[in-house]
2 protein chains.
Amino acid sequence: MTRTLQDLNVTFIREALAHGADQELVVLLQEQHPADLAEAIEPLTEEEKRRVFQLLNPEQAADVLVELNDLSREEILEETSAARLAEIAEEMESDEAADLLATLSEATQAEVLRRMGREEMKDLAELLRYREDSAGGIMKRELLAVRGDSTVAEAVAAFQQLSHTEDVEDIHNVFVVDAERHLVGVLPIRRLLLVDAATPIHRVMDPNILKVRTDVDQEEVARLFKKYDLLSIPVVDEGDRLVGRITVEDIVDVITEESGEDLLRMGGVDEDDRIFCLPSRSVRKRLPWLTINLATAMLAASVVAIFQDTISQMVTLAVFMPIVAGMGGNAGTQTLTLITRGIAMGELSLTNARRALIKESIVALANGVAIGVFMGLGTYLWKGDWILGSVLGLALIVNMLVAGVVGTIIPVLLKRFGVDPAVASGIIVTTFTDCFGFFFFLGLASLALRFYNL
Amino acid sequence: MTRTLQDLNVTFIREALAHGADQELVVLLQEQHPADLAEAIEPLTEEEKRRVFQLLNPEQAADVLVELNDLSREEILEETSAARLAEIAEEMESDEAADLLATLSEATQAEVLRRMGREEMKDLAELLRYREDSAGGIMKRELLAVRGDSTVAEAVAAFQQLSHTEDVEDIHNVFVVDAERHLVGVLPIRRLLLVDAATPIHRVMDPNILKVRTDVDQEEVARLFKKYDLLSIPVVDEGDRLVGRITVEDIVDVITEESGEDLLRMGGVDEDDRIFCLPSRSVRKRLPWLTINLATAMLAASVVAIFQDTISQMVTLAVFMPIVAGMGGNAGTQTLTLITRGIAMGELSLTNARRALIKESIVALANGVAIGVFMGLGTYLWKGDWILGSVLGLALIVNMLVAGVVGTIIPVLLKRFGVDPAVASGIIVTTFTDCFGFFFFLGLASLALRFYNL
């Protein structure tokens with residue numbers, strides 16, 4: 001199904017390296033798609049990766065580097081000389097070269113820039129000014145721009161000329177500009193095939209231009225691509241002059257990255273915390289979050305502390321504590337996940353939040369009654385104590401209802417106040433269900449002990 | 001920044017509807033991009049949505065329907081006649097029309113099909129055969145195919161002809177086929193601008209074809225788009241004949257959808273559980289998962305039950321139970337999220353899992369020591385009991401270390417045995433940290449009580 005060549009695999013590469021069969025390997029490597037090559041390299045050891053990488057010509061090396069995951073890229077780049085880095089960067093598109101340079105130390109970066117062609121150096125220095133996750137940070141400088149009074153034939157000629165110096169594989173649009181490089185229109189390349197060669201461009205271009213400024217966040221750019229089904233978008237500077245473009249190929253990566261970040265945030269992990277980064281960095285990223293968790297756990301513990309006397313009268317209560325708190329937490333997480341996702345997808349807003357709240361309350365109550373009655377009955381049959389069974393069952397029902405309500409309200413409120421619901425919703429909701437669950441269960445048990453002599 | 005017209009907003013639409021100013025509304029609606037129109041419609045009531053929808057011509061209605069979220073689409077379609085549905089479906093691309101038809105009852109579906117043109121009906125009936133999340137289910141039938149012996153000029157003519165009958169906005173490639181409609185090559189449309197008109201297509205096409213069969217899962221298709229930076233991919237049937245194509249615009253939606261599914265799965269929610277579906281459906285989807293959670297919570301409770309005597313001798317232990325279990329759970333979730341994400345991104349495999357395990361163990365130990373020493377000291381200062389402080393601190397350190405180890409191993413093992421780590425990892429890891437946390441904390445306390453008379 002894919003065009004992966006069957007004979008390229010880790011074992012083959014390893015053997016070729018071990019036998020010094022470099023020439024045969026070079027030939028085989030040249031036939032591969034860079035993405036397949038990257039995939040074949042990933043499982044190798046650090047040393048082997050570097051040796052294979054050295055066999056690649058600068059163009060191949062550039063293509064493969066872009067495809068490798070962060071870890072492998074770092075491993076390889078550590079040992080690559082500034083001279084070779086400059087050669088490789090010249091073969092890359094400007095946005096990729098800028099990403100590459102951004103990972104290097106400032107001294108190496110300066111040295112690589114110095115060794116590059118004047119034109120490329122200027123483009124790169126320009127791109128390196130922008131935040132990594134802004135439109136400026138993900139755009140590329142290479143593009144096709146013509147004046148509005150050019151003819152279709154002239155635009156085609158400009159495209160043909162560009163194809164001699166650049167790789168035009170991802171050129172989707174012709175941008176139309178005035179003398180000050182302000183955008184005045186846009187036109188898909190394929191349109192050039194559909195109109196007469198003598199037509200002036202301004203007659204066939206679309207004057208409704210969707211564009212972004214360099215400082216727009218990449219998530220917002222991705223949203224525009226999704227919403228308007230774009231293939232590329234022009235990027236303009238503060239003076240509204242065309243400075244670059246972003247293509248759908250890059251946006252596919254942004255979407256993958258951003259959705260992964262939501263997942264990580266919900267799990268209490270910082271996006272800069274990587275599987276193979278230094279342990280000290282992971283500790284620095286995770287310990288603050290765990291400390292917040294500790295504070296909320298102590299809050300739950302202090303609720304239990306209120307009822308120490310009750311527990312000492314009836315130790316079985318301690319046994320059931322994890323069930324009440326745990327089920328509330330799980331039910332709350334379900335609601336919360338659904339609501340957070342709905343907010344991210346634009347299906348939920350303040351206007352229909354009430355409807356969601358009613359629905360989630362009904363679901364929570366139904367699930368609570370099912371679980372509560374089952375556990376209550378079970379406890380009665382097991383311990384023969386109908387009061388304990390009732391207390392446990394009732395506590396489960398109420399706590400799961402609270403979980404549904406709080407799980408809906410918290411993410412909506414956070415969003416309302418401009419906080420990303422993926423970050424803090426989980427901890428707030430489970431703190432609620434823990435504290436409330438303990439309070440209601442142990443409180444009810446205290447009352448029962450006093451009045452029924454449980 | 002976007003081309004949203006300032007004057008289209010909910011208030012304006014509401015007032016226009018209330019005052020019966022339908023004509024003005026029709027004019028205003030016509031100027032909108034369908035995506036903006038959909039956005040403006042979303043916050044309206046069900047009744048208002050239907051009234052606005054009735055003002056749209058079939059082409060606009062088709063474009064807007066595609067952009068609306070599931071909920072609004074269902075609300076509108078409920079009241080739309082089969083005759084109008086047929087008109088709208090004819091204006092849609094085949095894949096969108098098939099999606100529309102798939103949401104209707106079988107009777108309505110048949111009636112709509114009967115009212116459609118013969119050609120469209122055949123295409124649709126064909127598409128409806130495929131699983132919704134397969135390549136066949138997301139492909140469209142409209143495409144540009146030429147024979148290898150055609151010239152570039154003939155291919156351009158074929159493209160021009162196609163543009164008269166179809167919307168060619170998303171035609172990215174020319175597919176080259178033989179007499180049996182087997183794919184023999186592919187060529188980006190823009191290449192037609194770069195080569196001489198008399199050149200035979202087979203001389204300029206790329207014979208390395210990346211294609212998928214109709215039954216390939218959409219997630220695998222998305223992976224190919226990401227890996228090879230594709231704009232479109234041809235789809236072939238069992239006989240290897242060209243039957244359709246999938247474009248990057250559709251894949252952007254697939255990626256968004258699939259990454260959302262991962263998030264939902266990690267939160268214990270089924271992807272068919274929607275914010276505004278019937279409560280009974282949500283209960284049916286969530287209760288089984290909560291029942292599994294109940295079983296694991298009872299496992300944790302039974303560990304506590306072993307130590308009832310110990311708790312009765314020292315009730316303070318019950319107060320600290322939530323802290324030990326909770327911190328283990330949180331630390332485990334952090335590791336787990338990172339590892340699951342790493343597996344999904346292809347950064348982690350069986351070969352480098354050992355390295356991840358070592359790193360996560362170091363991080364877990366460091367975080368555990370920080371939290372354990374802090375809580376241990378705090379407890380000693382607060383309760384004046386150094387043995388209780390030591391027991392709590394040690395239990396925290398060990399449980400957080402276990403969390404790191406288990407959080408790494410479980411998702412890797414699940415993946416190894418072909419299970420999606422996003423689904424079950426969370427519950428297994430928290431069950432481990434709960435049971436182990438209680439066992440270690442209460443067990444250590446029992447020993448301390450026996451030997452030190454705590």
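What you see below is based on every heavy atom in this structure, not just the backbone, and it leaves out hydrogens, waters and symmetry mates. All chains are named by letter (A, B, ...) in the order of the sequence lines, taking the proteins before the strands, and each is independently numbered beginning at 1.
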Of the listed residues (A/N69, A/D434, A/V363, A/V304), which shares the most heavy-atom pairs with chain B below a 4.5 Å separation? A/V363
Short side-chain to backbone donor-acceptor contact, B/Q334 and A/G268, under 3.5 Å: yes
Around atom CZ of B/R190, are there more than 12 heavy atoms of other residues, nucleotides or ligands at under 6.0 Å? yes
Do you know which of A/D229, A/T333, A/L348, A/I311 has the most heavy-atom pairs under 4.5 Å to chain B? A/D229
Can you tell me which portion of B/E360 sits under 4.5 Å from chain A's heavy atoms? Options are side chain, backbone, both or neither. side chain
Criterion side chain to side chain contact (heavy atoms under 4.5 Å, CB included) on A/K227 and B/E39, from CA distance to verdict: CA-CA 10 Å; A/K227 183 170 174 186; B/E39 206 170 78; 2.9 Å; yes
Please rank A/I339, A/T316, A/T296, A/T408 by heavy-atom pairs under 4.5 Å with chain B and give me the top one. A/T316
Tell me, side chain or backbone of B/T335 under 4.5 Å from chain A's heavy atoms, or both, or neither? both
With side chains defined as the heavy atoms from C-beta onward, is the minimum distance between A/T337 and B/M266 less than 4.5 Å? no
A/V319 backbone acceptor or donor facing B/Q308 side chain under 3.5 Å: no
Non-hydrogen atoms of B/I323 and A/M298 that approach each other most closely: CD1-CG, 3.7 Å
Minimum side-chain heavy-atom gap A/H172-B/H172 below 4.5 Å: no
Does B/K359 use its side chain to pair, donor to acceptor, with the backbone of A/I275 at less than 3.5 Å? yes
Should A/E257 and B/R341 count as an ion pair when the cut-off is N to O under 4.0 Å? no
